[in-house]
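Just so it is clear, the model here is predicted, and its values are computed rather than measured.
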Amino acid sequence: MSKKSEAAPEGRTIVGKIVGAHGINGTMLLLPLTDFPERFFEMQELVLSKPGKPRKTLKVKRIAPYEGKGTFFLEAEGINDRDAAELIKGSVVTVANDERAALDDDEYWIDDLVGLKAIENETGRELGIIEEVMFTGSNDVYLIRTLEGKLAPIPAVGEAINSVDVQAGTITVTIPEGLWD
């Protein structure tokens with residue numbers, strides 16, 4: 001998973017990011033940003049997005065795990081040297097929302113969480129809007145932009161997240177004692 005959430009183009013979900021070039025022959029390093037990284041082995045094409053640039057589709061020649069690094073080696077048609085690979089660095093790999101993998105009932109897409117209105121369970125008062133999801137390794141952390149304009153964390157654990165209603169656009173939370181003091 002990525003360290004923080006990024007904005008996906010409308011109707012698409014981010015599943016990976018080109019994080020660098022490897023060697024001189026155009027091989028790129030692909031960081032999976034999905035709980036289903038095996039999906040890349042089935043993909044014939046990768047759709048890339050980069051802020052300020054038109055969407056680009058790469059035809060995959062080879063994807064292989066970079067053992068112990070948490071990334072994949074990616075070779076694509078038309079990317080034949082390090083300079084070409086460097087130009088693509090920073091691009092995110094996206095899939096159409098209807099190509100997303102099925103989730104369990106208590107799992108949510110980042111794109112669905114960002115923008116939800118956070119409501120305090122005990123009082124019913126609005127706390128702010130989820131602006132970002134951070135991945136810490138042990139559990140995710142939702143960053144809420146409070147009504148006062150500050151970023152405040154809520155751990156994505158059962159004790160803190162009471163309910164999520166994507167359709168209604170709300171998340172009901174219990175702030176752990178002392179966290180926002």
Side-chain angles (χ1 to χ4, degrees), residues 1-104 107-116 129-145 149-156 166:
M1 290 304 231
S2 68
K3 298 296 179 229
K4 68 178 196 171
S5 53
E6 297 186 50
E10 189 70 32
R12 302 195 64 82
T13 298
I14 294 171
V15 295
K17 185 172 185 175
I18 307 299
V19 294
H22 184 83
I24 61 170
N25 295 324
T27 301
M28 295 163 279
L29 295 175
L30 168 64
L31 175 68
L33 300 176
T34 172
D35 289 335
F36 311 99
E38 63 279 358
R39 76 179 306 138
F40 289 106
F41 298 118
E42 306 297 320
M43 297 174 80
Q44 313 270 316
E45 295 181 332
L46 300 180
V47 177
L48 304 181
S49 296
K50 196 172 186 179
K53 305 277 187 193
R55 193 178 296 165
K56 180 179 188 116
T57 301
L58 291 182
K59 289 197 180 297
V60 174
K61 290 197 305 193
R62 183 179 82 96
I63 291 182
Y66 189 174
E67 295 299 332
K69 301 290 185 184
T71 57
F72 295 111
F73 292 117
L74 166 64
E75 295 174 15
E77 289 181 16
I79 310 298
N80 301 316
D81 60 37
R82 187 176 186 91
D83 290 341
E86 286 287 348
L87 288 174
I88 294 174
K89 181 179 173 184
S91 298
V92 292
V93 180
T94 65
V95 295
N97 286 349
D98 62 0
E99 294 174 20
R100 299 188 298 193
L103 298 179
D104 291 337
E107 296 179 321
Y108 303 93
W109 294 103
I110 291 170
D111 299 347
D112 292 338
L113 293 171
V114 172
L116 292 183
I129 304 291
I130 294 181
E131 187 171 292
E132 189 174 302
V133 177
M134 289 180 29
F135 307 98
T136 64
S138 57
N139 59 269
D140 295 350
V141 174
Y142 302 158
L143 294 179
I144 297 171
R145 178 70 64 185
K150 297 179 180 170
L151 270 181
I154 289 285
V166 173

Q: May I ask you to test the Val15-Phe40 pair for a side-chain heavy-atom distance under 4.5 Å?
A: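 Touching, per the 4.5 Å side-chain cut-off.
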
How far apart are the closest heavy atoms of [X] and [Y], and which atoms are they?
{"X": "Ala64", "Y": "Phe41", "value": "CA-CE2, 4.5 Å"}
{"X": "Pro155", "Y": "Asn139", "value": "CB-ND2, 3.7 Å"}
{"X": "Pro65", "Y": "Phe72", "value": "CA-CD2, 3.5 Å"}
{"X": "Ile79", "Y": "Gly26", "value": "CG2-O, 3.5 Å"}
{"X": "Lys61", "Y": "Asn80", "value": "NZ-OD1, 4.1 Å"}

Pairwise distance [atom1]([X]) to [atom2]([Y]) - rounded to 0.5 angstrom:
{"X": "Thr57", "Y": "Leu48", "atom1": "OG1", "atom2": "CG", "answer": "7.5 Å"}
{"X": "Leu33", "Y": "Ile14", "atom1": "CG", "atom2": "CD1", "answer": "7.0 Å"}
{"X": "Ile154", "Y": "Asp140", "atom1": "CD1", "atom2": "CG", "answer": "13.5 Å"}
{"X": "Lys17", "Y": "Thr94", "atom1": "NZ", "atom2": "OG1", "answer": "13.5 Å"}
{"X": "Met28", "Y": "Ile88", "atom1": "CE", "atom2": "CD1", "answer": "5.0 Å"}
{"X": "Lys56", "Y": "Leu87", "atom1": "NZ", "atom2": "CG", "answer": "8.0 Å"}

Q) Taking only residues two or more places apart in sequence or in another chain, which ones pass side chain to side chain contact (heavy atoms under 4.5 Å, CB included) with Asp81? A)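 Partners of Asp81 by the side chain to side chain contact (heavy atoms under 4.5 Å, CB included) criterion, ordered by chain and then number, come out as Asp83, Ala84.
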
Q. Looking at residues at least two apart in the chain, or sitting in another chain, which of them share a side chain to side chain contact (heavy atoms under 4.5 Å, CB included) with Lys50?
A. Lys53, Ser91

Q. Is the His22 ring parallel, tilted or perpendicular to the Phe73 ring (thresholds 30°, 60°)?
A.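 Tilted: the ring planes of His22 and Phe73 meet at 30° to 60°.
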
Q.
Just to verify, what does Lys59 make a salt bridge (Lys or Arg N to Asp or Glu O under 4.0 Å) with, not counting sequence neighbours?
A.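 With sequence neighbours excluded, Lys59 shows a salt bridge (Lys or Arg N to Asp or Glu O under 4.0 Å) to Glu45, given in chain and number order.
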
Q: Please name all residues satisfying salt bridge (Lys or Arg N to Asp or Glu O under 4.0 Å) with Arg82, sequence neighbours left out, ordered by chain then number.
A: Glu86

**Q.** Qualifying residues under side chain to side chain donor-acceptor pair (under 3.5 Å), relative to Arg39, sequence neighbours excluded
**A.**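 For Arg39, no residue satisfies side chain to side chain donor-acceptor pair (under 3.5 Å) once neighbours in sequence are set aside.
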
Q.
What verdict does the side-chain contact (heavy atoms from CB on, under 4.5 Å) test give for Leu30 and Ile18, after you've listed the backbone C-alpha separation in whole Å, the side-chain angles of each residue and the deciding distance to 0.1 Å?
A. CA-CA 5 Å; Leu30 168 64; Ile18 307 299; 4.0 Å; yes

Q. Can you tell me if CG on Leu151 sees more than 12 non-hydrogen neighbours from other groups inside 6.0 Å?
A. yes

(Q) Are there over 12 heavy-atom neighbours, none belonging to Gln44, within less than 6.0 Å of that residue's CD? (A) no

**Q.** Pairs where residues 62-78 contributes a residue and the test salt bridge (Lys or Arg N to Asp or Glu O under 4.0 Å) is met, not counting sequence neighbours
**A.** Arg62-Glu75

